[in-house]
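Throughout, residue positions are numbered sequentially from 1 according to the sequence presented. Hydrogens, waters and symmetry mates are skipped; everything else that's a heavy atom, side chains included, is used. Nothing here was measured: the structure is a model prediction, and the numbers come from that model. We count ligands from 1, going down the list as the structure has it; atoms in each ligand are counted the same way.
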Amino acid sequence: PAYCQDGTAEAEVQTPEAELEFSWAILWEFIKPQLLALLGAIVLAFGAAVLNIQIPLMLGDLVNVVARYMRENPGNYLREMREPALKLLAYYGLQGLLTSGYIICLSRVGERVAADMRKQLFLSLLRQDVAFFDANKTGQLVNRLTADVQEFKSSFKLVISQGLRSITQTVGCFVSLYLISPKLTGLTVVVMPCLVGAGALIGSFLRRLSRNAQEQVAKATGVADEAIGNVRTVKAFAMEDREMQMYAVEVDKSCAMNESLGSGIAVFQGLSNIVLNCIVLGTIFAGGSLMASEELSPGDLMSFLVASQTVQRSMASISILFGQMVRGISAGARVFEYLKLEPTIPLKGGGRIPYHSLIGRVDFMNVTFSYPTRPKQQVLRNFSLALPPGKTVAIVGESGGGKRLISYPITSLLGHLYPSYSLINLLHCPGKSTVAALLERFYDPNTGVILLDGQNIRTLDPSWIRGAVIGFINQEPVLFGTSVMENIRFGKPEATDSEVIAAATLANAHAFITAFPEGYNTVVGERGVTLSGGQKQRIAIARALIKNPSILVLDEATSALDAESERVVQDALDRAASGRTVLIIAHRLSTIQRADLICVLSDGRITEAGTHFDLLSRGGLYADLIRRQRAQGQK
Ligand code: ADP
């Protein structure tokens, strides 16, 4: 059952956050369809950058006109100014146009690439084996779909737009600086890189601080998330105060870190303002002396000032972009990692047995199995079991017995605190659910084979086995946040409304569904009506029955229910069982006494098999389990 795996599998296999490789080839596949828009963006951004280089020069011309007018007063000011001013205005307009253009193109490329990435990643996640999800936390996987794609997209857009612009502008403006005044440029070449370098250094230090602070915020959120997500356990142990303390500690830490980050940014801003202003002052000072010796016009000085500011800004943004690019590449690598991953068990492909000749016989032959996340623990050892067609076979084992000394919340809590504690769990989970998981082909056995009507299920089409042959009902039915109708139809997407109603009737669910004001259109799940455990279970049964499966697997289907709902559900199950091969994974022994065959699973294999009365009279483990359960019931 679910609790056997709680918190233990992931504790043992830590997915290493190792160096993932970024594949340019995969990126190219995503970019190819958007190539035209991307080229458009590049050309437009380049144009905008070139104009940005021109503008300082033209500003200089304008200033020269003004200066000359001041000196000489030659006729009409407006006439003098008109031509350079209009030209400058046109450049401004064009520059704005190109900027809008490249941003439009680029956001189109970015959004479409991101959407394609999300779709493909989602598809490849869904294709993965169950073992993959044992080894990876859902939260992290979902994060790749959201945060990582987002990060990649913004880095991609930023690097292309800003990067292109900054590099073009740095180069171009340097050329114009040189053309205006080689001497002043020489001075700049010495001073500027030192300043930008120092700025970049402090910047990277600040970014590291900011990253640490963010991690700390995430850590605090994790504490809150865990407490709120497991609020029942927290309450059951009256741990509110302790959780509050733990949260407060983390929040205070993140507060302190963010404060020092704030101070760091403040000092950096103050310093860089002083430095930048001093550069302007220095340029005017040096330029002034050149002007005195007639080597420089006032306009040139103006152009020089603006162009050198552009260089400064561009170089600073290149250094920031570099960090952004590194982050984008690692986010991209995380997105791409699973795109390349091929599941070991394919979703589709393989043989099918025509419906009318399928008899529904299952044989497990000498199956040995250990979960990929825990290769050392053999759950099944030379396990053999035959499910005769049309018969009901139940598997029982220790977990139903009185041996379970510790209740679930405590085991799960202890499992969380001490991963090795999971050892205690092992004793009580002999592997019954594992048998069902192997039949569904969620995993493949290490050795041995499983046969369906004499054919190795590895040669059969998994989507057919899961979709049409086996109806699987487990302890905690999952309903999706849509209508009852759609939830039942999940079992067979092409089913008509009347098929859905027939399945619901068979599952003892029709009456309570029609009692809802909106009947089959009632929305259930998190955002909808809350159903009782028994009602959910009956919808899950209808969902399994609508496939008209030849084999029904009931994994402790009634163990979570109270006696009354158990009776109704059991009733539905009994009806559903007729004419099908049924495998019951039993928790409560009372529900399986009528099974055609009861098998006791112990030590990874079947140690006893027979009918209820056979086994009782044999006085073995089953009789022992029954005695213990009765004793418990009487207490
Ligand atoms: P049962 O159904 O008899 O209670 P299970 O088949 O659920 O037992 O589990 C058998 C053993 O396999 C347990 O030790 C459990 O911890 C381990 N196990 C179950 N599921 C997984 C999984 N997904 N990954 C790793 N180990 C698992």
Heteroatom proximity flag, G431 to ligand 1, N/O under 3.5 Å: yes
Any carboxylate oxygen within less than 4.0 angstrom of a Lys/Arg side-chain nitrogen, looking at R618 and E608? no
From Q377, Q378, K432 - option closest to atom 3 (O) of ligand 1 by heavy atom: K432
The single option from V469, L385, L452, I470 passing side chain to side chain contact (heavy atoms under 4.5 Å, CB included) against L439: I470
Which of the atoms of ligand 1 are close to S433, meaning less than 4.0 Å from one of its heavy atoms? 1 (P), 2 (O), 6 (O), 7 (O)
Check T373 against ligand 1 and report side chain, backbone, both or neither, counting heavy atoms closer than 4.0 Å. side chain
So, T434 and Y371: side-chain donor and acceptor under 3.5 Å apart, yes or no? yes
Under 4.0 Å from any heavy atom of Y443, which atoms of ligand 1 are there? 23 (N)
Suppose I only count heavy atoms of T434 and a 4.0 Å limit; which atoms of ligand 1 are within that range? 5 (P), 6 (O), 9 (O), 10 (C)
Below 3.5 Å, can you tabulate the donor-acceptor pairs from side chains in residues 343-352 to any protein atom, sequence neighbours excluded?
unit_1 : atom_1 : unit_2 : atom_2 : d
T344   : OG1    : D129   : OD2    : 2.4
R352   : NE     : D461   : OD2    : 3.2
R352   : NH2    : D461   : OD2    : 3.0

Is it the side chain, the backbone, both or neither of R374 that has a heavy atom closer than 4.0 Å to ligand 1? side chain
Near P430 (heavy-atom distance under 4.0 Å), the atoms of ligand 1 are 3 (O)
Examine the side chains of N508 and R575 and answer whether a donor and an acceptor come within less than 3.5 Å of each other. yes
What closest approach, in Å, do I513 and A504 show between heavy atoms, and which atom pair accounts for it? CD1-CB, 4.1 Å
With distance as the sole criterion, is a donor-acceptor pair present between the side chains of N456 and T459 under 3.5 Å? no
Of all the atoms in ligand 1, which lie at a distance below 4.0 Å from a heavy atom belonging to D134? 22 (C), 23 (N), 24 (N)
